[in-house]
Number of protein chains: 2
Amino acid sequence: MAFSSACKLQDPVTIADKLFLDLRRAILVGEIPAGKKISEPELAASYGVSRGSLREAIGKLENCNLVTRKPNIGARIIGFSTPQLIEIYQIREAMEGMAARLAAENMSEEEIDRLNAILERHKLEIEQHQGYSQEDVDLDFHFSIIQGSKNIRLIRMLCQDLYDLVRFYRFRLKSGFHRSEQAFHEHNLVVSAIERRDGEMAETLMRHHIRASRDYARKMLEATVAQNEG
Amino acid sequence: MAFSSACKLQDPVTIADKLFLDLRRAILVGEIPAGKKISEPELAASYGVSRGSLREAIGKLENCNLVTRKPNIGARIIGFSTPQLIEIYQIREAMEGMAARLAAENMSEEEIDRLNAILERHKLEIEQHQGYSQEDVDLDFHFSIIQGSKNIRLIRMLCQDLYDLVRFYRFRLKSGFHRSEQAFHEHNLVVSAIERRDGEMAETLMRHHIRASRDYARKMLEATVAQNEG
DNA sequence: TGGAGTTATAATGTCGACACTATAATGGAA
DNA sequence: TTCCATTATAGTGTCGACATTATAACTCCA
């Protein structure tokens, strides 16, 4: 599942960790609406835990960039904003570009095989027009390459911190928002560069891919706004 | 001062925040040695605060990547490792490269003036052989460009999270470790590209600069190890 | 003597209560 | 009626105590 793939906790042993995972899922899925203020007593009661544990969980959510806190005022779920989405794409372009470069240098043949398997799955799902699961396959693709970089800190910064935000936005934009065929093609190019161990080219292609996604998202958002205004 | 420049808290209003800043400084400066395990009761007593506040501060330190925690075992200050330092350089290359590109697009003329003032200061300190303060000027240079990107999340990820690590390592490598003249020259090249609003070139030059720093650090570390072994 | 099992100790996780702060509600004066 | 001051309320920050877990010390047996 797409949630567990980037999870930092194998099995949450402590209450605060369980709570953290619960809340994270609830936020990403939209059970807790974006921008909502968190009432510590209320939430603690509804989950049947103490405020202390809840506060610890909120602290972790803050690290994932899913909530913001102000002293003496409280925490609230992050909101949706187009400029922020663009910012995230810019960061992804830089970091995942580097990840692709390193992956070309460091991935094992076995890992590249698994990467090709993901492409195969993507192809199948496009042929069957399974729009809903194509987003999972897209995440799997990007995660595999990030993992392949073997740069542990880079992996953590992307998979743990930034990709929670990616999921947050993706979930709220999922309606007919994919450019699967084009993305699939770009994915293939990246993998072929990795297979040739051409790090420079892998980085260039990955950056192009993410930039294209960004431009597409921007266009769609502008169209949506225009539609709402008209 | 170099510490406050990237500080996320204007004035720490809460005990936990004050404690966080205190501990962060102590770790970066080496007052608390690298790799040391944290005893919550002990630290709380020595700072005269409750364990709750201390735990909150430790949580924040964990976000800054300065301590690591394991459930039911505890927290310890991060250790020093050459591979990790290389990882950080790789990430900086990607992210600061992007920052330089964006800075070329978004920096105001006034900000560029301030950038040139930093270069001027750097030049002066080289002429006066003030090795100790050249590291501060170097940090100021990089921070200014990162700020100039105007990408708020990028700024936060670099200045708040990654650069604490940079300081951590820098403080432990500071003995005769600078390549100031070369770095100064590379800084000038980056700024000239920004002045010309050439984002592509600014990114290339910044990446080159950071890669050169990385190679230099690696060489110095290998020499040090060889020296210790011989 | 060495090692496994057991006990003892210290540390972390969790909780409920109190203090202080911010916000909402209320009341009074212009 | 409107605005400001005051009070009331809810919420966050902080603390000390208890429960649970990991580690160290110890004992007993082979």
Side-chain angles (χ1 to χ4, degrees), chain A residues 7-27 32-79 160, chain B residues 7-27 32-79 160:
Chain A
C7 172
K8 88 176 80 174
L9 308 161
Q10 304 82 337
D11 53 348
V13 59
T14 180
I15 289 183
D17 284 343
K18 291 195 204 87
L19 192 58
F20 161 68
L21 289 179
D22 270 12
L23 290 173
R24 191 176 76 118
R25 189 199 51 77
I27 294 171
I32 306 179
K36 171 160 186 174
K37 176 157 189 321
I38 291 180
S39 164
E40 289 184 5
E42 185 181 333
L43 247 191
S46 83
Y47 278 85
V49 300
S50 88
R51 260 187 65 219
S53 302
L54 174 64
R55 281 171 69 86
E56 194 126 338
I58 291 178
K60 290 174 191 289
L61 289 172
E62 199 183 3
N63 308 5
C64 297
N65 301 306
L66 292 177
V67 313
T68 58
R69 290 179 93 174
K70 290 180 188 172
N72 283 321
I73 292 181
R76 66 171 54 241
I77 314 295
I78 58 166
Q160 280 182 26
Chain B
C7 174
K8 87 176 80 174
L9 307 161
Q10 306 81 337
D11 53 347
V13 59
T14 180
I15 290 183
D17 284 344
K18 291 196 205 85
L19 193 57
F20 161 68
L21 290 179
D22 270 13
L23 290 173
R24 190 176 76 118
R25 189 199 51 77
I27 294 172
I32 307 178
K36 170 160 187 175
K37 176 155 187 325
I38 291 178
S39 164
E40 289 184 5
E42 185 181 333
L43 248 191
S46 82
Y47 278 84
V49 298
S50 87
R51 262 187 63 221
S53 301
L54 174 63
R55 281 171 69 85
E56 195 126 338
I58 291 177
K60 289 173 190 291
L61 290 172
E62 198 183 4
N63 307 6
C64 298
N65 301 306
L66 293 177
V67 313
T68 58
R69 289 179 93 175
K70 291 181 188 173
N72 283 320
I73 291 181
R76 66 172 53 240
I77 314 295
I78 58 166
Q160 281 182 24

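Residue numbers start from 1 in every chain, and the chains themselves are labelled A, B, ... in the order their sequence lines are given, proteins ahead of strands.
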Below 4.0 angstrom from OP1 or OP2 of [N], is there any side-chain N or O of [X]?
{"X": "A/T14", "N": "C/dT14", "result": "yes"}
{"X": "B/S53", "N": "D/dC15", "result": "yes"}
{"X": "A/R69", "N": "D/dG11", "result": "no"}

Minimum-distance nucleotide (side-chain atoms of B/V49 versus D/dC15, D/dG13, C/dT14): D/dC15

Nearest-nucleotide pick for A/A16, side chain only, options being C/dG13, C/dT14, D/dC15: C/dT14

Taking the side chain as everything from C-beta on, heavy atoms only, tell me whether [X] gets closer than 4.5 Å to [Y].
{"X": "A/L21", "Y": "A/D17", "result": "no"}
{"X": "B/R55", "Y": "B/E40", "result": "yes"}
{"X": "B/L23", "Y": "B/L43", "result": "yes"}
{"X": "A/E62", "Y": "A/T68", "result": "no"}
{"X": "A/R24", "Y": "A/L61", "result": "yes"}

Using whole Å, what does the distance between atom [atom2] of nucleotide [N] and atom [atom1] of [X] come to?
{"X": "A/L19", "N": "C/dC15", "atom1": "CG", "atom2": "C1'", "value": "14 Å"}
{"X": "A/I58", "N": "D/dG11", "atom1": "CD1", "atom2": "P", "value": "13 Å"}
{"X": "A/L54", "N": "C/dT14", "atom1": "CG", "atom2": "P", "value": "12 Å"}
{"X": "B/Y47", "N": "D/dT14", "atom1": "OH", "atom2": "P", "value": "16 Å"}
{"X": "A/K18", "N": "C/dG13", "atom1": "NZ", "atom2": "P", "value": "13 Å"}
{"X": "B/I15", "N": "C/dC18", "atom1": "CD1", "atom2": "P", "value": "19 Å"}
{"X": "A/E56", "N": "C/dT12", "atom1": "CD", "atom2": "C1'", "value": "10 Å"}

Enclosure of A/K37 NZ (heavy-atom neighbours >12, cutoff 6.0 Å): yes

Any N/O donor-acceptor pair, A/R51 side-chain to D/dG11 base, under 3.5 Å: no

Main-chain N/O of A/G35 paired with A/R76 side-chain donor or acceptor, under 3.5 Å: yes

N/O-N/O pairs, protein side and nucleotides 9-11 of chain C side, under 3.5 Å:
none

First encountered from the 5' end of DNA chain C, between B/K70 and A/N72: B/K70

